[in-house]
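As structure tokens, the structure follows; a few thoughts come after it.
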Amino acid sequence: SGKIILDCDPGHDDAIAIILAYGSAEIDLLAITTVAGNQTLDKVTNNARAVSTVIGMTDTPIAAGSEKPLVQEIEVAGEIHGESGLDGPKLPKPTVPLSDVNAVDLIIETVMNNPSGTISLVATGSLTNVALAARKEPKIIKRVKEVVIMGGGYNTGNWSAVAEFNIITDPEAAHIVFNEDWKVTMVGLDLTHQALATQDVVTNIKSINTSTSNFIVELLEFFTDMYKQNQGFEAPPVHDPCTVAYLIDPSVVTTLSVPVDIELTGKLTRGMTVADFRYPIPKENNTFVATKLNHTKFWDLIYDALSNIG
Ligand code: BDR
Ligand code: CA
């Protein structure tokens, strides 16, 4: 089964990524690490612990990481995720503990203490923690199986005309991660805008009728309203769990080998994930972009995870 570390900023769709990873028989969720993004570090860390409490996930360590991007000021996404970062459901007071090590150290320890090539790093927030881990202990680069990122997009942006939120909130960190010598798979907006939580999806989740599925329904109701009001979407794109779905079953997500680099200096394009589709693809290339989602299979994985959690 696939071992993963999930670095996230919950976040409605991050919460669903946690639930998918926890509920899937194919995934061994070794750690959850948090990074400032959708809200401040304290809020998203509290949210990660609240989600774990709701779903009864008591054995997975949770560690807090960076409260600021590497260079620029912090920018949160209150207009999508609300004041708490996880508005909608009433959140329980977390009963699962917070680790006393920093997220960056937990990532390093976990990768170093497991056999080389067995752990995938999944990042569904800004790339600050992952970049710092790569710089602090470069030995992890060769040991990580794959870095799977929700972020960027080769066709469109959502936080500027050309940049996506997780990349534009810490472009320097993204630059480090995309340029290291490990396999990076970019699950960007091109893919995640196909993962819409349409009304029939919400109805299916409702009919599962467990505390976890009801929690997701409440998350999706808030998320749907925000995406309608502020982004003009009829149904919200559930970005982050697409990364986990790809690791559970690679046939859910089509990928292409394409060089990708991060724009740092463009006046209009800072934070853009520049993908070079020109022929031929260089032999040494280790960046991949996700292009096509199997919508039915994707939601089936979520329904399966929910019935496994019970
Ligand atoms: C990404 O930004 C965040 O608001 C979401 O959680 C997701 O990771 C989408 O651009
Ligand atoms: Ca996120």
Side-chain angles (χ1 to χ4, degrees), residues 4-21 32-41 43-48 51 62 64-66 69 74-88 103 121-130 147-171 173-174 177 185-197 216 219-220 222-227 229-233 235-246 262 271-273 289-290 293:
I4 73 168
I5 299 170
L6 179 54
D7 188 74
C8 57
D9 61 338
H12 295 67
D13 49 336
D14 301 85
I16 299 172
I18 293 172
I19 293 168
L20 176 59
I32 291 178
T33 53
T34 59
V35 61
N38 284 327
Q39 266 300 348
T40 58
L41 182 69
K43 290 182 182 178
V44 300
T45 304
N46 183 74
N47 293 344
V51 172
I62 301 175
S66 309
I74 180 174
E75 186 183 350
V76 299
E79 59 267 49
I80 300 287
H81 299 275
E83 251 320 291
S84 71
L86 205 56
D87 278 13
L121 268 182
V122 179
T124 62
S126 313
L127 290 164
T128 323
N129 292 341
V130 180
V147 185
V148 184
I149 290 165
M150 190 286 126
Y154 52 80
N155 263 322
T156 185
N158 64 3
W159 223 248
S160 80
V162 297
E164 181 277 336
F165 181 76
N166 290 339
I167 305 295
I168 204 172
T169 49
D170 197 343
V177 174
T185 299
M186 176 177 104
V187 179
L189 298 174
D190 322 283
L191 189 286
T192 66
H193 283 178
Q194 299 167 51
L196 302 177
I216 293 193
L219 287 174
L220 287 178
F222 184 87
F223 211 40
T224 302
D225 286 348
M226 292 300 107
Y227 260 97
Q229 286 167 33
N230 301 318
Q231 306 263 334
F233 279 74
V238 183
H239 310 275
D240 294 339
C242 296
T243 54
V244 179
Y246 159 74
I262 309 297
M272 182 178 183
T273 46
V289 299
L293 179 76

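All ligand and atom numbering here is 1-based and tracks the order in the structure. The model shown is predicted, which means the values in this text are computed figures rather than measured ones.
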Shell of residues surrounding ligand 1, defined by a 4.0 angstrom heavy-atom cut-off that is strict: D13, D14, N38, H81, T124, M150, N158, E164, F165, N166, H239, D240
Can you name the residues that form a ring pair (Phe, Tyr, Trp, His ring centres under 6.0 Å) with F165, not counting sequence neighbours? W159
At a cut-off of 3.0 Å, protein N/O/S around the Ca ion (ligand 2) gives D9 OD1, D14 OD1, D14 OD2, T124 O, D240 OD2
Ring centroids only, cut at 6.0 angstrom: are H81 and F223 within range, meaning strictly under it? yes
Are T192 and V238 packed together at the side-chain level, in the sense that at least one heavy-atom pair is separated by less than 4.5 angstrom? no
With N155 via side-chain contact (heavy atoms from CB on, under 4.5 Å) - residues at least two apart: D190
Mind telling me whether F233 and Y227 have parallel, tilted or perpendicular rings, with 30° and 60° as the class edges? perpendicular
Around atom CD of E79, are there more than 12 heavy atoms from other residues, nucleotides or ligands closer than 6.0 Å? yes
Can you tell me if N129 and T33 form a side-chain donor-acceptor pair at under 3.5 Å? no
Nearest atoms (heavy-atom pairs only) where S126 meets A36: OG-O, 3.6 Å
Any idea which heavy atoms bring I167 and G151 closest together, and the distance? CG1-C, 4.0 Å
